[in-house]
**Q** 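Mind having a look at this structure? Questions to follow.
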Protein chains: 2
Amino acid sequence: MDKFKQFLKQIASITDKEFDDTLSYFVEQNLKKGDFLIKQGKVCRQIAFIVKGTLRTYYFDDKAKEITACFCTENNLTTSYKSFILQEPSNLALQAIEDTQLLVIDYENLQKLYAKSTIWQTIGRTVAEREYIVMEKYASVLNNESAKEKYLRLLKEQPNVVQKSSVEDIASYLGVTRRTLSRIRKEISQS
Amino acid sequence: MDKFKQFLKQIASITDKEFDDTLSYFVEQNLKKGDFLIKQGKVCRQIAFIVKGTLRTYYFDDKAKEITACFCTENNLTTSYKSFILQEPSNLALQAIEDTQLLVIDYENLQKLYAKSTIWQTIGRTVAEREYIVMEKYASVLNNESAKEKYLRLLKEQPNVVQKSSVEDIASYLGVTRRTLSRIRKEISQS
DNA sequence: TGATTTTGAGGACATTTGTCCTTTTATAAT
DNA sequence: ATTATAAAAGGACAAATGTCCTCAAAATCA
């Protein structure tokens, strides 16, 4: 609960009172490893703050290959954002890769917060802006870095994720094949 | 002017009066081919609606290679978004690749709009959400498509851009080398 | 117009990455 | 513990892409 308050304070200058007034709009939810927060094809109706744990999001590309879109970690928000924004069926699935504890708000409640509170309008915009910045960074990495550079970056920025995930999932996140990732790992272990 | 109103109406239900009250916050600006809207290293203080024309945005990657980040076309917004959001020096430059006509709002005026009008809060959030969705799509293309697929997609989605831009710029946008793009073009012309 | 510079096409070869497969190792189930 | 199953490593070869370079065409400038 306190972690979430800290998270929000770092986004906008929300007062303790505003925060307390808000909490009733959220519900706690726990996922076991392997559980889904959101499944493909359903309209995503939640945004969740990850108190503890990790989720992987994935979709299927044009060639029906499963692609990891993102690893979502503690102290961040997670959702199938496009589906949530447009309230259209989600092409993303969100699955817990370990036991996970969430604070969840649904679409209606968030709209209520937007309607009644300026600070929440600001939070909503700022969250979208930040998600944009993260995605822009990801795109530039995909555009400009080699397989090895991308893997080393992930290793540096999200070492826990590398630990907890399968080679397959990491490879598709980096836009390379298992074979390539295997080569890279060997190279690294030898140097 | 009317194009801009249409653009906004499609984002949020802004009334004619609200729109008229807003217009004084914007200024018209014209760029000649080659002119910069924003230069690297400066804090970006504007968001612009492109009434007519095209801009290219670019940056230099870790290896000091110039990379085209985006081709911005008529009836869309353009800005160095990250720099604008964080009010930090821009790594992007925005340059007109043909004579271009803009409607520009600066940072202070936008903050004023946010402060005084709920509809502008909604517009601000919705714009950020849309930019996110565009960037997410771009990332998935970069992650999953071959050089040829990416080029064919650009050709389909932004044929004018392909016409107006150099091979170099298109290649870096697609994350490939000139040589690769040259091969693809030959292949296409032969089929 | 003629000279100069920039841009695009493409040859030759190197490197990276992918495909298909087998072997090895780790994990789970009985 | 033993067997069955799934995941990772890696061999052999193919395809895609990059590097470096030259030449021709196009654009620009004097």
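Every chain is numbered from 1, with letters handed out A, B, ... down the list of sequences.
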**Q** Please check: side-chain N/O of A/Glu98 versus main-chain N/O of A/Thr54, any donor-acceptor pairing under 3.5 Å?
**A**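 The answer is yes, because a donor-acceptor pair under 3.5 Å joins these two groups.
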**Q** Would you say the side chain of A/Leu103 lies within less than 4.5 Å of the side chain of A/Gln29, judging by non-hydrogen atoms?
**A**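 SC-SC contact between A/Gln29 and A/Leu103 ruled out.
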**Q** For B/Tyr138 together with A/Tyr138, are the ring centres under 6.0 Å from each other?
**A**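 No, the ring of A/Tyr138 stays outside the 6.0 Å limit from the ring of B/Tyr138, centre to centre.
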**Q** Please produce a list of atom pairs where a protein N or O lies less than 3.5 Å from an N or O of nucleotides 22-30 of chain D.
**A**
none

**Q** Can you tell me how far C1' of D/dA9 sits from CD of A/Gln190, to the nearest Å?
**A**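 Rounded to the whole Å, the gap is 12 Å.
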**Q** Using side-chain heavy atoms (C-beta onward) and a distance below 4.5 Å, is A/Asn143 in contact with B/Asp61?
**A**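 The answer is no, as the side chains (C-beta and beyond) never meet within the 4.5 Å cut-off.
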**Q** May I have the distance from A/Asp169 (atom CG) to D/dA6 (atom C1'), rounded to whole angstrom?
**A**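 After rounding, the reported distance stands at 14 Å.
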**Q** Is it the case that the ring center of B/Phe4 lies less than 6.0 angstrom away from the ring center of B/Phe26?
**A**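 B/Phe26 vs B/Phe4: aromatic centres under 6.0 Å.
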**Q** In whole Å, I'd like the distance from the CD1 atom of B/Ile184 to the C1' atom of D/dT17.
**A**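 Answer to the nearest Å: 9 Å.
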**Q** So if I apply the salt bridge (charged side-chain N to carboxylate O under 4.0 Å, His left out) rule between A/Glu145 and each of A/Lys150, A/Lys137, A/Arg153, which one comes out positive?
**A**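 Looking at A/Lys150, A/Lys137, A/Arg153, the match for A/Glu145 under the salt bridge (charged side-chain N to carboxylate O under 4.0 Å, His left out) is A/Arg153.
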**Q** Just the rounded figure in Å: distance from P of D/dG18 to CG of B/Asp61.
**A**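 So the CG-P distance, B/Asp61 to D/dG18, works out to 13 Å.
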**Q** Side chains of B/Tyr151 and B/Ile170: does their closest heavy-atom pair fall under 4.5 Å?
**A**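 Yes. Closest side-chain heavy atoms under 4.5 Å.
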**Q** Please give me the minimum heavy-atom distance between A/Ala171 and A/Leu181, naming the atom from each residue.
**A**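 Looking at all heavy atoms of both residues, the closest pair is N-CD2, 3.7 Å.
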**Q** What is the distance, to the nearest angstrom, from the OH atom on A/Tyr151 to the P atom on D/dA8?
**A**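 About 11 Å, once rounded to whole Å.
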**Q** Please report the distance, rounded to the nearest Å, between CG in A/Leu174 and C1' in C/dG18.
**A**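 Rounded to whole Å, this separation is 15 Å.
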**Q** Rounded to whole angstroms, how far apart are CD on A/Glu187 and P on D/dA9?
**A**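 Distance check: A/Glu187 CD to D/dA9 P gives 14 Å.
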**Q** Does B/Thr177 put a side-chain nitrogen or oxygen below 4.0 Å from OP1 or OP2 of D/dG18?
**A**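 Checking B/Thr177 against D/dG18: at least one side-chain N or O falls below 4.0 Å of OP1 or OP2.
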**Q** Would you check if A/Arg45 and A/Val43 make a side-chain contact, meaning some heavy-atom pair closer than 4.5 Å?
**A**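 In short, these two side chains touch, coming nearer than 4.5 Å.
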**Q** Quickly work out the B/Asn144 CG to C/dT17 P distance and round it to whole Å.
**A**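 B/Asn144 atom CG is separated from C/dT17 atom P by 16 Å.
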**Q** Are A/Val141 and B/Leu92 connected, step by step, through hydrophobic side chains (Ile, Leu, Val, Met, Phe, Trp, Tyr) whose heavy atoms are closer than 4.5 Å?
**A**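 In one cluster: no.
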**Q** Which nucleotides of nucleotides 6-16 of chain C have their base under 4.0 Å from a protein heavy atom (B), which only their sugar-phosphate (S), and which neither (-), written as one string 5' to 3'?
**A** --SSBBB----
**Q** Taking the axis from the first five pairs and the axis from the last five, what angle separates them in the helix from C/dT1-D/dA30 to C/dT30-D/dA1, rounded to 10 degrees?
**A**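 Overall, the helix from C/dT1-D/dA30 to C/dT30-D/dA1 bends by 50° from one end axis to the other.
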**Q** Let me know which of A/Ile119, A/Val127, A/Ile123 forms a side-chain contact (heavy atoms from CB on, under 4.5 Å) with A/Leu8.
**A**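 So the option named by the test is A/Ile123.
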